[in-house]
Amino acid sequence: MVSVVLGMLACLALALVVMALVAVPARRQGREVLTERGEGVLVSLRDRQLPGRPEKPTADDARSAEPVGARG
């Protein structure tokens, strides 16, 4: 299990290095990181989100929630 976690951390570190070497300089030069297709996918994902849905739970959500163990 430890080897799996260490492997995942190594992959994450490698991804961060690639981002630092490729994406950050490209953004500083004003170039877009995503292709036109990638930008279109990102826009379509943003459009699919529910417009009236709050980001964080509100006090009304807490009052309307069913108490733990109420199902019986």
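One is the number of the first residue; the rest follow in order along the sequence.
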Practice item. Please name all residues satisfying side-chain contact (heavy atoms from CB on, under 4.5 Å) with A23, sequence neighbours left out, ordered by chain then number. Key: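 A23 satisfies side-chain contact (heavy atoms from CB on, under 4.5 Å) with M19, V33 only.
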Cluster companions of [X] among Ile, Leu, Val, Met, Phe, Trp, Tyr (side-chain spacing under 4.5 Å):
X   : value
L16 : L12
L14 : none
V41 : L45

Exercise for review: List the atom of A20, the atom of P25, and the distance in Å for their closest heavy-atom pair.
Suggested key: O-CD, 3.3 Å
Practice item. Supply the atom-to-atom distance M8 CE to S3 OG, rounded to the nearest 0.5 angstrom. Key: 12.0 Å
Check your understanding: Just how far is it from atom CZ of R37 to atom CG of L42, taken to the nearest 0.5 Å?
Key -> 13.5 Å
Revision key, fill the gap. E36 meets the side-chain hydrogen bond (donor to acceptor under 3.5 Å, both in side chains) criterion, sequence neighbours left out, with none
